[in-house]
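The block underneath contains the structure these notes are about, expressed in structure tokens.
We use all heavy atoms of the structure for the numbers below, so side chains are in, but hydrogens, waters and symmetry mates are not.
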Protein chains: 2
Amino acid sequence: MSKQKRAGVRQVASLAGVSVATVSRVLNTPDKVSPETAEKVRLAAEQLNFIPNSSARALSTSNTRSIGIVVPTLENLVHAKFLDALESSLAEKNYNLVVSTTRKGAIPESLKIRELVNIGVDALILPGLNHDAELLEYLRKSDISYVFSSVYDDRVADPTIGYDNYALGRKVARYLVSHGHRNILLLSGPLEGNDRTKLRLKGVRDELQQHFAHGYQPPLQILGLDTRSAHDYVCRQLEGSEGTAFSGATALLCLSDVIAIGALLAMEKKGITVPRDMSVVGFDNLEISEFTNPALTTVDLPVTEMGRKIAECVIDHLEHGTPMMSCLLDAELVIRDSVADLRQDSTDAR
Amino acid sequence: MSKQKRAGVRQVASLAGVSVATVSRVLNTPDKVSPETAEKVRLAAEQLNFIPNSSARALSTSNTRSIGIVVPTLENLVHAKFLDALESSLAEKNYNLVVSTTRKGAIPESLKIRELVNIGVDALILPGLNHDAELLEYLRKSDISYVFSSVYDDRVADPTIGYDNYALGRKVARYLVSHGHRNILLLSGPLEGNDRTKLRLKGVRDELQQHFAHGYQPPLQILGLDTRSAHDYVCRQLEGSEGTAFSGATALLCLSDVIAIGALLAMEKKGITVPRDMSVVGFDNLEISEFTNPALTTVDLPVTEMGRKIAECVIDHLEHGTPMMSCLLDAELVIRDSVADLRQDSTDAR
DNA sequence: CTGAAAGCGCTAACAA
DNA sequence: TTGTTAGCGCTTTCAG
């Protein structure tokens with residue numbers, strides 16, 4: 001029982017007493033084959049345990065049925081949730097997901113994209129708007145479709161499927177302001193190469209400027225992209241001279257939940273009660289954010305829906321030539337218990 | 001500037017004034033080509049922006065340079081960390097990772113494996129030991145290598161690269177017992193289809209039996225695989241009749257950090273102080289586990305190292321025929337602050 | 001060291 | 001509806 005040579009169309013054809021073309025047809029366009037012939041072929045195929053060789057098919061059709069995506073890292077629940085939904089939706093239509101990471105930005109994205117192009121992915125999913133222009137031009141000239149995820153911007157020509165990070169930034173800031181917060185400290189992960197975070201930040205700043213003096217810039221602290229950096233930063237603030245921590249801010253506006261949670265845990269450790277002593281909001285709505293103490297008020301990003309939507313869009317485009325359209329997904333601010341209402345009147349202002 | 005037709009070996013060959021065979025050689029076996037010829041070819045290739053078509057190459061060589069992995073879900077930081085390391089290591093050697101999920105077990109693993117085989121992955125990485133026997137037989141007969149991850153077991157014929165879940169279960173139980181815990185409640189995610197968790201559980205039970213009466217079975221509560229299920233379970237326990245919660249256990253031995261953290265947060269919410277009122281240990285050492293209050297004592301699974309090791313092993317096998325060997329990776333119990341020492345004497349017993 | 005030519009396994013005109 | 005046949009773009013004997 002040594003290495004079985006896998007059966008090919010030829011073997012199936014001869015067993016079924018038809019030509020290879022017919023075998024190929026029952027595989028791809030069954031309607032163009034008489035039911036009886038099709039049945040014969042199927043039987044033969046089953047008997048020989050026939051599995052079409054997808055490299056050969058890819059070579060012939062120049063479709064690999066694989067979709068590539070480049071993310072900075074897999075080690076991030078937001079990406080993971082998105083990828084999970086994406087994979088599920090693609091798998092349903094028999095497409096494969098090839099994931100590639102830039103190792104948190106250590107490797108140029110354009111290089112990883114090129115690699116995916118080289119292996120022949122049919123389409124590419126690229127998070128955010130900022131990508132190497134030359135590369136994009138190349139993609140356009142080649143036969144490779146691409147879509148930008150995690151953002152929505154109807155001003156760009158390329159399809160964007162995601163949420164409006166800028167508007168969400170404004171929304172969160174407005175929420176804080178409406179609850180009486182006037183001194184807000186912004187906590188962000190790395191900005192470099194992350195236009196989504198930048199957009200949120202811009203939204204926050206614009207909203208705050210509108211409410212306060214023109215030209216007002218809320219203080220901003222840039223941290224790493226892990227819980228530790230936020231945790232350690234907050235601890236350091238709190239260990240310093242008492243009272244002057246956070247320069248008197250009443251709220252920490254965190255541009256991701258990972259950071260918000262790090263801050264929450266650090267404050268708890270240092271005896272700062274949230275939201276009494278300090279309010280906190282985040283972005284992402286990770287699973288755990290519902291269960292922190294207090295439960296975190298945060299923006300629920302529709303990453304699962306985004307995964308589904310993108311898969312749908314890309315496949316529709318690939319199979320029926322439907323042009324890919326940008327699509328704005330709703331994101332809700334989910335209000336929980338980490339923000340204090342600082343307004344004088346205790347009436348429920350909406 | 002419409003659709004550029006990608007240059008192929010032919011074009012490169014004619015531009016360089018050589019045959020296609022030579023072009024292919026400079027690509028694959030440069031030592032078998034004279035330096036001058038090679039240089040000419042490289043120049044031509046560069047000029048034409050030549051990218052070898054990988055479907056054609058795959059068809060010719062029957063190697064796709066892609067490695068498949070099937071996991072229950074991507075939405076899990078332990079998997080994500082592993083996949084991240086795996087992808088990085090594979091990418092270094094120009095291999096691609098195709099991920100496939102069973103949607104938390106909703107789709108039979110064997111089906112997803114078959115799909116990966118059909119698209120022609122060169123090797124397969126399968127978490128745990130339990131897989132469809134028939135399918136494994138099929139993989140053996142075909143030319144597809146596979147390796148079991150997240151486990152180590154030198155008694156199985158197939159290569160296993162991972163940690164010894166059973167021994168780790170014993171280690172954790174022993175630690176608790178050595179700290180005076182006599183009444184331990186086990187909290188686990190779903191057992192079905194997860195032999196790693198089952199092994200940990202068995203290790204825990206065996207260790208406990210050894211210390212207590214023969215036939216002793218510690219109580220076990222099976223939960224879901226998310227934080228919520230643990231959180232809600234603990235809340236329910238604590239809301240019931242006071243004092244009888246957890247049937248008097250002094251420690252919660254959680255078979256994953258996600259569960260341990262859910263428990264931790266729930267207890268905090270309900271005013272139970274860890275470790276004073278209840279001790280907690282976990283498995284995984286998620287990034288956040290270091291920052292919970294109190295910091296979680298847990299088993300640090302070497303998933304990053306595992307990713308690297310597996311990539312290395314698989315590639316070595318694929319490229320040099322090196323037989324894949326099982327490999328046991330060390331996992332440490334990282335002792336933090338969530339376990340109380342209940343022993344009478346306060347001397348530091350080792 | 002290099003070239004000619006025969007595939008790899010499938011698809012898709014084109015013809016029947 | 002079915003069969004014949006010519007590729008898809010690359011690798012790889014086998015001669016030279």
Side-chain angles (χ1 to χ4, degrees), chain A residues 3-42 44-45 48-66 94 117-120 122 142-143 319, chain B residues 3-42 44-45 48-66 94 117-120 122 142-143 319:
Chain A
K3 245 156 233 175
Q4 305 274 120
K5 186 149 191 147
R6 255 162 68 158
V9 271
R10 262 189 270 280
Q11 284 81 303
V12 175
S14 73
L15 211 185
V18 298
S19 74
V20 292
T22 302
V23 175
S24 177
R25 285 193 199 99
V26 331
L27 255 42
N28 304 301
T29 49
D31 348 311
K32 298 192 169 178
V33 177
S34 83
E36 306 85 53
T37 318
E39 198 45 37
K40 265 196 305 185
V41 172
R42 286 210 192 82
L48 293 174
N49 221 304
F50 168 66
I51 296 169
N53 177 316
S54 42
S55 298
R57 174 178 287 178
L59 179 57
S60 234
T61 61
S62 56
N63 288 145
T64 57
R65 293 193 86 83
S66 65
N94 265 292
V117 171
N118 294 355
I119 68 165
D122 292 343
S142 316
D143 203 15
E319 301 196 338
Chain B
K3 246 159 231 172
Q4 306 272 122
K5 187 151 191 149
R6 256 162 68 156
V9 271
R10 259 189 272 281
Q11 284 81 303
V12 176
S14 72
L15 209 184
V18 298
S19 73
V20 292
T22 302
V23 175
S24 177
R25 283 192 199 101
V26 334
L27 256 43
N28 304 301
T29 50
D31 349 311
K32 299 193 169 177
V33 177
S34 85
E36 304 85 55
T37 319
E39 198 46 35
K40 266 195 303 185
V41 172
R42 284 209 193 84
L48 293 173
N49 223 303
F50 169 65
I51 297 169
N53 177 314
S54 41
S55 299
R57 173 177 287 177
L59 177 56
S60 234
T61 62
S62 56
N63 287 146
T64 57
R65 293 192 85 83
S66 65
N94 266 291
V117 171
N118 294 356
I119 67 164
D122 292 341
S142 316
D143 203 16
E319 302 196 335

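One finds a side-chain N or O of A:S34 lying less than 4.0 angstrom from the OP1 or OP2 phosphate oxygen of D:dT2. Residue A:S19 places none of its side-chain N or O atoms closer than 4.0 Å to OP1 or OP2 of D:dT2. The shortest distance between the side-chain N/O atoms of A:N28 and the OP1/OP2 oxygens of C:dT11 is below 4.0 Å. For the pair A:S60 and C:dA12, the criterion of a side-chain N or O lying under 4.0 Å from OP1 or OP2 is not met. In terms of phosphate contacts, A:R10 brings no side-chain nitrogen or oxygen within less than 4.0 Å of OP1 or OP2 of D:dT5.
Remark: C1' of C:dC10 and CZ of A:R65 are 15 Å apart, rounded to the nearest angstrom. Atoms NZ (B:K40) and P (C:dC1) sit 14 Å apart, rounded to a whole Å. Separating the CG atom of B:L48 from the P atom of D:dG9 is a distance of 14 Å, rounded to the nearest angstrom. Put simply, CG on A:N63 is 12 Å from C1' on D:dC8, counting in whole angstrom units. The distance from atom CD1 of B:I119 to atom C1' of C:dC10 is 17 Å, rounded to the nearest whole Å. Going from atom CD of A:E36 over to atom P of D:dT1 covers 10 Å, rounded to whole Å. Atom CG in B:N53 sits roughly 16 Å away from atom P in C:dT11 (whole-Å rounding). Note: CD (B:Q11) to C1' (D:dG9) measures 10 Å, nearest angstrom.
Between B:L59 and B:T22, the residue anchored nearer the 5' end of DNA chain C, judged by the nucleotide with its closest heavy atom, is B:T22. Mapped onto DNA chain D by nearest heavy atom, B:S55 and B:A21 fall at different nucleotides, with B:S55 at the one closer to the 5' end. Sequence order on DNA chain C of the closest nucleotides to B:V33 and A:T61 puts B:V33 first from the 5' end.
A:D122 CG to A:T61 OG1: the interatomic distance, rounded to the nearest 0.5 Å, is 8.0 Å. Rounding to the nearest 0.5 Å places NZ of A:K40 at 8.5 Å from OG1 of A:T22. Note: B:L59 CG to A:S54 OG = 10.0 Å, rounded to the nearest 0.5 Å. The structure places CG of A:L27 at 5.5 Å from CZ of A:F50, a figure rounded to the nearest 0.5 Å.
Scanning atom types as modelled, one donor and one acceptor separated by under 3.5 angstrom connect the side chain of B:R25 and the base of C:dG3.
The shortest distance between side-chain heavy atoms of A:R6 and A:I51 falls below 4.5 Å.
Residue B:V18 is in sugar-phosphate contact alone, with no base atom involved, counting any heavy-atom pair closer than 4.0 Å across all strands shown.
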